[in-house]
Amino acid sequence: MKQKAMDMKLVVKPLVGCLTHTHFWEGPCRAGHKEDMTVEAETKAADEAFKNSVKGLKGVIDEVEFTEPVDVRYNESFVVDKDLFAKIGEDVDEIDCFLCMGWRIPKLERFGKPVVIWQNGNEGIDFAAYCRSIGVEAYVCMDLQDVNEIMHILWVRKAVRNTRALVLTAGSQPTFGIQSLIRDPEILRQRYGVEVVKLPFTSIFKYMDEITDEEAKPIADKIIAGSTDTQVNTDWFINDVKYYLAAKKMMDIYDCNAFSTACHELCTTEIPQNRKFTPCMCHSIMKDEGIPSGCEEDLNALMAMLIMQYAGKRPAFMGNPNHETDELLRIHHAVPALQMNGYGTKPLAYKLWAFTGQGFGGKLQVDFTENDDDYITLGRFNPAGDTMCIKKGKVIRSEYADTYCSPFYYIQMDDAREFMHNLAGFGHHQVLIFGDYTKMIKKIAKIMNFNILEG
């Protein structure tokens, strides 16, 4: 399988700029005490500044991988030595951006790389404005908090750009279940760098037939063992796991790291009936592994899922919205994940029920009122792929249904009726993630160049 987008690093080259002088003098841009303005004193101060800047890198988020920091000193000619520029450019094709600390670095724009400027004051703001005025991407940070926020957003953008989704399709345009979907995947590739590999939804079954009981049973047994209430037919449940393993096999072959499949069209073939499975558990398991996985070829939801899952570093899942009251929205579907508090956290408690009345098709029943954070963020892209609708709400109760899409989540919000009207421009599946990520998504939107409608 293609490397998980969430496992990628933002590769950053730290540069510490410093203006030192060749001798002592004072004037309209230079004043102080002579003992602090000698070559020796300024050299000592520059050494200390470089050392402290490098030390400060230890507080930067884990998504960042730093190359060797470069000490970029120059004198009152304001010209960086060509040998220093050669050192800056040694691995420039392998980095995602520069992190500039201290003084500005004259002519750094020649590399055409994004510049993150960590400098609290006029220097950083001026340098950023200059870069932007000539078409070079630049951001200014006053402190470590700013650095970590912008680095995380740039990492999210990189993760999205490195997502390649396997979409198993019936070829309908649009599909029966999702009329509002993004019909041309090229929109996502050109705008966000997301690749989509479309293959017939029937092509997975030859891989499913190759999966042995010995491969699938340990996974099935582990999921069954963790359930507090199992109502799925445990003999048939292994088929859900085989579908999941077959999807992973296809992702290996086609170098993909995200997944979606047709649903209505798959259902009407009666293949799931005959094989006794549904794709629901595949989606749930993948999301807990850090792999975005969406229902029904819904690229609008999948695109929102990428951004929300990467931004929150936790699973995001999708469901159908229904207006209950003007302050209450209901979301229902059968594909929640278990690490909704974040990857590496304790999985949520769950029941393992069946999607069908016959007992096949496992689905996780999770009570989100027991989650650490009551607040959730909903999101979905429009059919044009250029605008994301987002909304904050609070989960106040969960309900289960013995068959079909379940659980149901009842979400309190300020105006559920208006939100549903807004969705007329976006479509129905809503992606849900725990936590209030509305502010972060707005900042991501600015950098990734899409619009936001806050519902």
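Remark: the backbone N or O of Glu297 is paired with a side-chain donor or acceptor of Ser260 at under 3.5 angstrom. Not one N or O on the side chain of Asn239 forms a donor-acceptor pair closer than 3.5 Å with the backbone of Phe277. Without hydrogens or angle criteria, Asp126 side chain to Asn122 main chain gives no donor-acceptor distance under 3.5 Å. The main-chain N or O of Gly435 is found under 3.5 Å from a side-chain atom of Thr377 such that the two form a donor-acceptor pair. At distances below 3.5 Å, at least one donor-acceptor pair connects side-chain atoms of Asp96 with backbone N or O atoms of Val11. A donor-acceptor pair under 3.5 Å is absent between the side-chain atoms of Asn382 and the main chain of Gly425, judged by distance alone. In this structure, Asp415 contributes its side chain and Gly455 its backbone to no donor-acceptor pair below 3.5 Å. In this structure, Ser203 contributes its side chain and Pro200 its backbone to a donor-acceptor pair below 3.5 Å. Between the Asp255 side chain and the Gln3 main chain, no donor and acceptor come within less than 3.5 Å of each other. Using modelled atom types, one side-chain atom of Asn300 and one backbone atom of Phe381 make a donor-acceptor pair closer than 3.5 Å.
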Working for side chain to side chain contact (heavy atoms under 4.5 Å, CB included), residues Val70 and Leu84: CA-CA 8 Å; Val70 181; Leu84 264 179; 4.1 Å; yes
Pair Leu19-Tyr74, side chain to side chain contact (heavy atoms under 4.5 Å, CB included): steps then yes or no: CA-CA 5 Å; Leu19 170 61; Tyr74 51 91; 4.0 Å; yes
Asn371 and Asn341: CA distance, side-chain angles, deciding distance, side chain to side chain donor-acceptor pair (under 3.5 Å) verdict: CA-CA 7 Å; Asn371 202 51; Asn341 290 313; 3.1 Å; yes
Residues Arg314, Thr345; criterion side chain to side chain donor-acceptor pair (under 3.5 Å); working and verdict: CA-CA 9 Å; Arg314 58 189 59 198; Thr345 62; over 6 Å; no
From CA spacing to verdict: side chain to side chain contact (heavy atoms under 4.5 Å, CB included), Leu338, Val366: CA-CA 8 Å; Leu338 301 179; Val366 179; 3.8 Å; yes
Salt bridge (charged side-chain N to carboxylate O under 4.0 Å, His left out) between Lys9 and Glu63, worked out: CA-CA 5 Å; Lys9 297 288 187 180; Glu63 293 99 312; over 6 Å; no
Tyr310 vs Thr163, side chain to side chain donor-acceptor pair (under 3.5 Å): CA-CA, chis, key distance, verdict: CA-CA 11 Å; Tyr310 300 158; Thr163 299; 2.8 Å; yes
Verdict with supporting geometry, Tyr343 and Glu289, side chain to side chain donor-acceptor pair (under 3.5 Å): CA-CA 8 Å; Tyr343 290 111; Glu289 293 179 336; over 6 Å; no
Residue pair Ile390, Tyr437: steps toward the side chain to side chain contact (heavy atoms under 4.5 Å, CB included) verdict: CA-CA 9 Å; Ile390 59 174; Tyr437 285 91; over 6 Å; no
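One side chain, Tyr139 or Glu137, offers a donor N or O that lies under 3.5 Å from an acceptor on the other. Between the side chains of His429 and Asn320, at least one donor N or O lies within less than 3.5 Å of an accepting N or O. A donor atom on one side chain and an acceptor atom on the other are not found under 3.5 Å apart for Gln119 and Glu123. For the 3.5 Å distance criterion, the side chains of Ser180 and Arg380 qualify, holding a donor opposite an acceptor. For Gln365 and Ser406, the side-chain atoms include at least one donor-acceptor pair closer than 3.5 Å. No side-chain N or O of Tyr375 forms a donor-acceptor pair with one of Gln412 less than 3.5 Å apart.
Of all the heavy atoms in Ala247 and Leu166, the pair that sits closest is O-CD2, 4.3 Å.
Within 6.0 Å of the CZ atom in Phe176, the count of heavy atoms belonging to other residues, nucleotides or ligands does not exceed 12. Under a cut-off of 6.0 angstrom, the local environment of CG in Asp143 is crowded, with over 12 non-hydrogen atoms contributed by other residues, nucleotides or ligands. Other residues, nucleotides and ligands contribute at most 12 non-hydrogen atoms within 6.0 Å of the NZ atom of Lys439. The local environment of NZ in Lys2 is crowded, with over 12 non-hydrogen atoms from other residues, nucleotides or ligands closer than 6.0 Å. The 12-atom threshold is exceeded at NZ of Lys198, counting heavy atoms of other residues, nucleotides or ligands nearer than 6.0 Å.
Between Phe111 and Phe85, the angle of the ring planes lies from 30° to 60°, which puts this pair in the tilted group.
Atom CE of Met286 and atom CE of Met281 lie 11.5 Å apart (nearest 0.5 Å). Arg110 contributes atom CZ, which lies 11.5 Å from atom CD1 of Ile105 (distance to the nearest 0.5 angstrom). Separation of atoms CD1 (Ile452) and NZ (Lys443) is listed at 13.0 Å; rounding is to 0.5 Å. Of the inter-residue distances, the one linking Lys113 atom NZ with Asp93 atom CG reads 6.5 Å to the nearest 0.5 angstrom. In this structure, Leu432 CG and His333 NE2 are separated by 12.5 Å, a value rounded to the nearest 0.5 Å. Here the OG-CD1 distance, from Ser398 to Ile411, works out to 9.5 Å after rounding to the nearest 0.5 Å.
Annotation: side chain of Leu168 is in contact with side chain of Met250 (closest heavy-atom distance under 4.5 Å). Here the side chains of Phe317 and Ser293 are not in contact, with every heavy-atom distance at 4.5 Å or above. Proximity of Leu57 to Leu99: side-chain heavy atoms (C-beta onward) are separated by under 4.5 Å at one or more points. Inter-residue side-chain proximity for Glu327 and Arg417 is flagged as unmet; no heavy-atom pair is nearer than 4.5 Å. Within the 4.5 Å cutoff, the side chain of Asp414 has heavy atoms near those of the Lys391 side chain. Counting only heavy atoms from C-beta outward, the side chains of Tyr243 and Ile204 approach each other to under 4.5 Å. At a threshold of 4.5 Å between non-hydrogen side-chain atoms, the residues Thr169 and Leu199 do not count as touching. Side-chain contact between Leu378 and Met413 is present, with heavy atoms from C-beta onward closer than 4.5 Å.
The existence of a salt bridge linking Glu454 and Lys442 is confirmed by a sub-4.0 Å separation between a basic side-chain nitrogen and an acidic carboxylate oxygen. Between Asp91 and Lys13, at least one side-chain N (NZ, or NE/NH1/NH2) sits under 4.0 Å from a carboxylate O, which counts as a salt bridge. Of the charged side-chain nitrogens involved, none lies within less than 4.0 Å of a carboxylate oxygen, so that Asp240 and Lys242 do not count as a salt-bridged pair.
Here the rule is side chain to side chain donor-acceptor pair (under 3.5 Å) with Tyr410, and of His332, Glu399, Lys394 only Glu399 fits it. When each of Asp288, Leu364, Thr278, Val335 is tested with His283 by the rule side chain to side chain contact (heavy atoms under 4.5 Å, CB included), just one qualifies, namely Val335.
Within the cation-pi definition used here (under 6.0 Å to the ring centroid, within 45° of the axis), Arg104 does not qualify as a partner of Phe127.
Aromatic rings from Phe368 and Phe434 are positioned such that their centres are separated by under 6.0 Å.
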